[in-house]
Amino acid sequence: MQTNPIEWRDGELILLDQRRLPDTIEYLRLDTAPQVRAAIEDMVVRGAPAIGVTAAYGVVLAARAAYAESPTDWRDNVVAAIADLGEARPTAVNLRWALAQMQAALPNVDPVPTLLATAERIHRKEIAANIAMGEHGANRIAKVAGSGTSGRTHDGVAVITHCNTGALATGGSGTAFSVITTAYRHGQIAQVFACETRPWLQGSRLTAWELKQNGVPFELLVDSAAAYLMKVRHVDWVIVGADRIAANGDVANKIGTYGLANAARRHKVGMMVVAPTSTIDLATPSGDAIPLETRSSDEVLGLAAARIAPPGSAAWNPVFDVTEAGLIDVIVTEKGVIDLPNAAKIREHLQA
Ligand code: MRU
């Protein structure tokens, strides 16, 4: 079944409610900016590029309301709505990147047509970037593994992925997920392992669902099994997305990525990060400066609707971590591949 996680239709923003997947396919129709902020905060939509695209459409809704209220005095309300949407989640820089573009596009006349065109352009660019990243990443896998590019081979590479980086996280074919599906179609991948990704289970609920839809066979792992998997079975690559890449190549991504990178280095497994250039933030010098979201302890103390830990338990729930550039072998963007990333290579890559 083809599902569209983010759609602008007949003046409304329609979001697939990712909290209910894979069992229930339900779309929410949003027509105000505060509803959009709440949908991002509450994980109706998640994934760095997807929340950027969603927030851009949120600005269109804010502009429509502000212009209807006052065709002369709408600007301050739209600027306030942009600031409010920017607070929805702190780590993914794509959110602020998209909102900065919307703010820069504010015209002097009726803002709705211009802002809608800008939001649709941001959305289209993410979709195109996803396809390009899939090809660049798949080519890079082929280079290292020396595997053929036609006809599936059982000698193909084995990869571990983490969290969800597919259509649900981007609105297109995905970041890391696009590399995996593209490489699988090219016959390069023999085995995909997906980490379940506690506490929201983006791996077992969303990535498993999307891999099935794409006809890619996989095995799920509890997050704590990944390091041992690298020790006792053959794994070639860990392939993940990113929520923010600092100017020096440090990467913030879903909690657990740092552990995967350390285990990958220990076991000589390649570490590939796949993200559009909208995820690279030159204004953040290093990973130390990336704001990392911590969410409610309830997400750890329970599972779905069930409470697991005894009442009164405390929990720490950081939802992202930072992996330093030195642990990353390759960053893939829509522009190509950065091997052994550092500040100079990232600057050069963005200028190319
Ligand atoms: O908390 P989430 O589900 O928004 O976290 C998503 C991730 O960490 C993804 O790996 C990341 O956004 C990059 S892939 C699009």
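Here, residue 1 is the first one in the sequence, and each next residue gets the next number. Numbering of ligands and ligand atoms starts at 1, following listing order.
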**Q** Quick one: are Leu211 and Phe177 in side-chain contact, heavy atoms under 4.5 Å?
**A**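 A side-chain contact under 4.5 Å exists here.
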**Q** Any salt bridge linking Asp281 with Arg96? Criterion: basic side-chain nitrogen under 4.0 Å from a carboxylate oxygen.
**A**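 Salt bridge between Asp281 and Arg96, a charged N being under 4.0 Å from a carboxylate O: no.
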**Q** Is Met43 close enough to touch ligand 1? Criterion: a residue heavy atom under 4.0 Å from a ligand atom.
**A**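 It does; at least one heavy atom falls under 4.0 Å.
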**Q** Kindly state each residue pair satisfying side-chain hydrogen bond (donor to acceptor under 3.5 Å, both in side chains) with at least one member in residues 164-176, sequence neighbours excluded.
**A**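 Passing the test, one end in residues 164-176: Arg46-Asn164, Asn130-Thr170, Asn164-Thr207, Asn164-Glu210, Ser173-Ser178.
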**Q** Run the numbers for me: atoms of ligand 1, each under 4.0 Å from some heavy atom of Ala242, listed by number.
**A**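 With Ala242 as reference, the close atoms of ligand 1 come out as 11 (C), 13 (C).
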**Q** Within the structure, is a non-hydrogen atom of Ala92 found at a distance of less than 4.0 Å from ligand 1?
**A**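 The answer is no, since Ala92 has no heavy atom less than 4.0 Å from ligand 1.
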**Q** Could a heavy atom of Trp200 be found less than 4.0 Å from some atom of ligand 1?
**A**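 Per 4.0 Å heavy-atom rule, Trp200 does not contact ligand 1.
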**Q** For residues His349 and Lys335, determine if any side-chain heavy atom of one lies less than 4.5 Å from a side-chain heavy atom of the other.
**A**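 Side-chain contact under 4.5 Å: yes.
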**Q** Does any donor atom in the side chain of Thr279 or Asn94 lie under 3.5 Å from an acceptor atom in the other side chain?
**A**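 Looking only at side-chain atoms, Asn94 and Thr279 do form a donor-acceptor pair, the distance falling under 3.5 Å.
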**Q** Hey, does Arg89 sit under 4.0 Å from ligand 1 if you only count heavy atoms?
**A**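 In this structure, Arg89 qualifies as a contact of ligand 1 - some heavy atom is under 4.0 Å.
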**Q** Provide, to 0.1 Å, the distance between atom 7 (C) of ligand 1 and the closest protein heavy atom, together with that atom's residue and name.
**A**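 For atom 7 (C) of ligand 1, the nearest protein heavy atom comes out as Asp243 OD1, 3.3 Å.
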**Q** Would you check the N or O atoms of Arg46, main chain and side chain alike, for any that come under 3.5 Å of an N or O of ligand 1?
**A**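 By distance alone, the answer is yes.
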**Q** Are Val240 and Asn253 packed together at the side-chain level, in the sense that at least one heavy-atom pair is separated by less than 4.5 angstrom?
**A**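 Val240 vs Asn253: side chains touch.
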**Q** What are the atoms of ligand 1, with element, lying closer than 4.0 Å to any heavy atom of Ala169?
**A**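 Once the distances to Ala169 are compared, the set is 15 (C).
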**Q** Using a 4.5 Å cut-off on heavy atoms from C-beta on, say whether the side chain of Thr284 contacts that of Val93.
**A**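 They are not in side-chain contact.
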**Q** What I'd like to find out is whether the side chain of Ile82 reaches to under 4.5 Å of the side chain of Asp84, using heavy atoms alone.
**A**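 In short, these two side chains do not touch, never coming nearer than 4.5 Å.
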**Q** Need the ligand 1 atom indices (1-based, order shown) with element for anything under 4.0 Å from a heavy-atom of Phe320.
**A**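 Counting atoms of ligand 1 from 1, those under 4.0 Å from Phe320 are 1 (O), 5 (O), 8 (O).
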**Q** Would you mind running through ligand 1 and noting each atom that sits below 4.0 Å from a heavy atom of Gln202?
**A**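 Per the distance check, 1 (O), 2 (P), 3 (O).
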**Q** Looking only at distances, can you tell me whether any N or O atom of Asn253, backbone or side chain, sits closer than 3.5 Å to an N or O atom of ligand 1?
**A**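 Yes: some nitrogen or oxygen of Asn253 is under 3.5 Å from one in ligand 1.
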**Q** Which protein non-hydrogen atom lies closest to atom 5 (O) of ligand 1, naming both residue and atom, and how far is it?
**A**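 I find the closest protein heavy atom is Lys254 CE, 3.3 Å.
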**Q** Is the Tyr67 ring parallel, tilted or perpendicular to the Trp74 ring (thresholds 30°, 60°)?
**A**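 Because their plane-to-plane angle is over 60°, the rings of Tyr67 and Trp74 count as perpendicular.
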**Q** With a cutoff of 4.0 Å, is Thr175 in contact with ligand 1, counting heavy atoms of the residue only?
**A**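 Distance cut 4.0 Å: Thr175 passes for ligand 1.
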**Q** State the atoms of ligand 1, each with its element, that fall below the 4.0 Å cut-off from a heavy-atom position in Pro49.
**A**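 Reading through ligand 1 atom by atom, the close ones are 15 (C).
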**Q** Is Ala48 in polar range of ligand 1, meaning some N or O pair under 3.5 Å apart?
**A**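 N/O-N/O distance under 3.5 Å: yes.
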**Q** Give a yes-or-no answer on whether the side chains of Trp200 and Glu299 include a donor-acceptor pair shorter than 3.5 Å.
**A**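 Yes, because at least one side-chain N or O of Trp200 sits under 3.5 Å from a partner of the opposite role on Glu299.
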**Q** With a cut-off of 4.0 Å, which atoms of ligand 1 are near a heavy atom of Thr165?
**A**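 By the 4.0 Å cutoff, the relevant atoms are 10 (O), 14 (S).
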